[in-house]
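Before any comments, here is the structure.
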Amino acid sequence: MELDLSPKLPKKVYGDNGGSYHAWCPNELPMLREGNIGAAKLALEKNGFALPRYSDSSKVAYVLQGAGVAGIVLPESEEKVIAIKKGDAIALPFGVITWWYNKEDTELVVLFMGDTSKGHKAGQFTDFFLTGANGIFTGFTTEFVKRAWDVDDETVKALVGKQTGKGIVKLDPNVKMPEPKPEHRKGMALNCEEAPLDTDIKNAGNVVVLNTKNLPLVGQVGLGADLVRLEGNAMCSPGFSCDSALQVTYIVRGSGRLQVVGVDGKRVLETVVKAGNLLIVPRFFVVSKIADPDGLSWFSIITTPNPVFTHLAGSIGAWKALSPEVLQAAFNVPAETEKLFRSKRTNDAIFFPPPN
């Protein structure tokens, strides 16, 4: 049975007062289960507080909108409280405890994508809440809570009985939350919209790659990531991940056309992608995109911390590395045709400006 590769939108899982949590379902996007990938979005209103939790999966978080505060506790480490804003990428290894808070008027939206190969359900994140109506306190008996935390009955009742919210709550504006510390941000987050560009092609596009050099924590997560921005009507070269990695792509802004070619030269997907869509390209399949007039931006994770891509067109395209005789024989064309083919795209790499 052929897998459905068409892009999908997430569905609401929980949330009401203070914000909501949405996730992509493996039943609708089978490549999530096939590739052991999870994807979800957290949206917090003003004074929305995502309660402390840990997950069964390592992830990369990317701030799609707004600004706020994140609390991060790595195993056997102190809490890091960092300011986050649109464009920030944060690596979240196994065992990390996080909380998220929005004190601004603009909604804070955070995207999570990660590896579920060690999780409870393939293609889905499972979060374990430290507090809340579904938190760990509610599962233990009074005796266990008393002995573990050395508290009396009244304290146990207060700790358990006052936890009415599930996952997300709305705090009173007068509640004082920890202030972010600038020194905590170092090594924890990288703003992809402000970071040095790895590739920048005039009138075509640019990319920032997240790897162990600019955010070492991705090594623990086991994932790489990138933010790609295509100018209006520009094209991203056909290419594939040559180290057997999966590429999971979320459309951040704009729209455009996308084609994917798989085994036996078969086009397995031809579609229009729009902001909010998520799609997964299978291993070694070749993908290319052309932006609509307003441009196209996407954030991707790659299932290796230092991804390697092979591009098939452009000045660094694989065709350029093959000798003329091999190309001529392989295409079964005269030398003049091969020479014309080779003479094109000698200056543009990865991204191509719109045709004149």
Side-chain angles (χ1 to χ4, degrees), residues 13-15 18-21 23 38-44 47-63 68-84 88-103 108-121 124-140 144-145 148-151 159-160 162-171 175-190 215-223 301:
V13 179
Y14 64 82
S20 56
Y21 180 86
K41 273 201 300 190
L42 172 68
L44 293 179
N47 297 316
F49 177 42
L51 297 171
R53 84 279 311 271
Y54 62 93
S55 177
D56 64 351
S57 306
S58 55
K59 308 172 186 175
V60 171
Y62 182 74
V63 182
V69 180
I72 301 170
V73 182
L74 295 169
E76 299 181 359
S77 180
E78 65 174 8
E79 180 186 57
K80 306 278 189 182
V81 181
I82 64 173
I84 57 172
D88 276 349
I90 306 159
L92 302 173
F94 278 116
V96 67
I97 295 171
T98 63
W99 56 262
W100 311 81
Y101 177 62
N102 180 23
K103 61 180 179 181
L108 172 65
V109 183
V110 184
L111 171 73
F112 300 95
M113 297 193 288
D115 175 16
T116 66
S117 60
K118 297 179 181 178
H120 285 264
K121 300 175 183 177
Q124 284 182 269
F125 298 136
T126 300
D127 288 338
F128 296 84
F129 296 93
L130 300 190
T131 64
N134 54 345
I136 60 168
F137 274 95
T138 62
F140 285 112
F144 271 67
V145 175
W149 285 276
D150 191 24
V151 292
L159 289 172
V160 176
K162 288 182 176 292
Q163 300 185 50
T164 56
K166 286 187 176 182
I168 299 170
V169 297
K170 189 164 189 173
L171 299 182
V175 171
K176 186 172 175 59
M177 294 293 284
E179 290 295 326
K181 298 181 179 180
E183 64 270 22
H184 282 181
R185 188 177 162 86
K186 185 178 181 182
M188 298 299 298
L190 177 77
L215 192 61
L217 265 180
V218 298
Q220 291 186 41
V221 173
L223 302 168
I301 64 163

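Every value quoted in this text rests on a predicted model; they were computed, and no experiment measured them.
To the nearest 0.5 Å, the span separating OG on Ser58 from CG on Leu92 amounts to 9.0 Å. Atom CD1 of Ile301 and atom CG of Leu223 lie 5.0 Å apart (nearest 0.5 Å). Between Asn102 atom CG and Ile84 atom CD1 the span is 8.5 Å, to the nearest 0.5 Å. With rounding to the nearest 0.5 Å, the separation of CD1 in Ile97 from OG in Ser55 is 12.0 Å. Note that OG1 of Thr98 is 11.0 Å distant from CD of Glu79, once rounded to the nearest 0.5 Å. Leu42 contributes atom CG, which lies 7.0 Å from atom CG of Leu108 (distance to the nearest 0.5 angstrom).
Put simply, the residue from Trp149, Phe144, Phe129 that forms a ring-ring contact (aromatic ring centres under 6.0 Å, His included) with Phe137 is Trp149.
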Go through the steps for Asp127 and Lys166 under the test salt bridge (Lys or Arg N to Asp or Glu O under 4.0 Å), then give the verdict. CA-CA 12 Å; Asp127 288 338; Lys166 286 187 176 182; over 6 Å; no
Just do the side chain to side chain contact (heavy atoms under 4.5 Å, CB included) check on Phe94 and Lys118 with the steps written out, would you? CA-CA 10 Å; Phe94 278 116; Lys118 297 179 181 178; 3.7 Å; yes
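The two atoms that bring Leu215 and Gly187 nearest to each other are CD1-O, 3.5 Å, heavy atoms only. Residues Gly119 and Ser57 come closest through the heavy atom pair CA-OG, 4.5 Å. The nearest pair of heavy atoms linking Ala61 to Val110 is CB-CG1, 3.9 Å. Scanning all heavy atoms of the two residues, the minimum distance from Leu74 to Pro93 falls at CD2-CD, 4.0 Å. Of all heavy-atom pairs between Ala40 and Tyr21, the closest is CB-OH, 3.2 Å.
Using a 4.5 Å heavy-atom threshold, the side chains of Met113 and Val60 count as separate. No side-chain heavy atom of Val63 sits less than 4.5 Å from a side-chain heavy atom of Val109. Side-chain contact check for Val69 versus Ile82: every heavy-atom pair is 4.5 Å or farther apart. At least one side-chain heavy atom of Tyr101 sits under 4.5 Å from a side-chain heavy atom of Leu171. Using a 4.5 Å heavy-atom cutoff, the side chains of Leu217 and Met188 are in contact. Between Tyr54 and Val96, the closest side-chain pair of non-hydrogen atoms is not below 4.5 Å. A 4.5 Å side-chain heavy-atom check between Glu78 and His184 finds at least one atom pair inside the cut-off. Within the 4.5 Å cutoff, no side-chain heavy atoms of Leu190 are placed close to those of Asp88.
With sequence neighbours excluded, the residues satisfying side chain to side chain contact (heavy atoms under 4.5 Å, CB included) with Leu51 are Phe49, Thr131, Val169. Applying the side chain to side chain contact (heavy atoms under 4.5 Å, CB included) test to Pro178 and every residue at least two apart in sequence or in another chain returns Val81, Trp99.
Arg185 places a side-chain N or O within donor-acceptor distance of the main-chain N or O of Ala83, the cut-off being under 3.5 Å. Of the possible polar contacts, one joining the Asp56 side chain to the His120 backbone as a donor-acceptor pair under 3.5 Å is found.
Cation-pi geometry between Lys59 and Phe125 is satisfied (NZ or CZ under 6.0 Å from the ring centre, within 45° of the ring normal).
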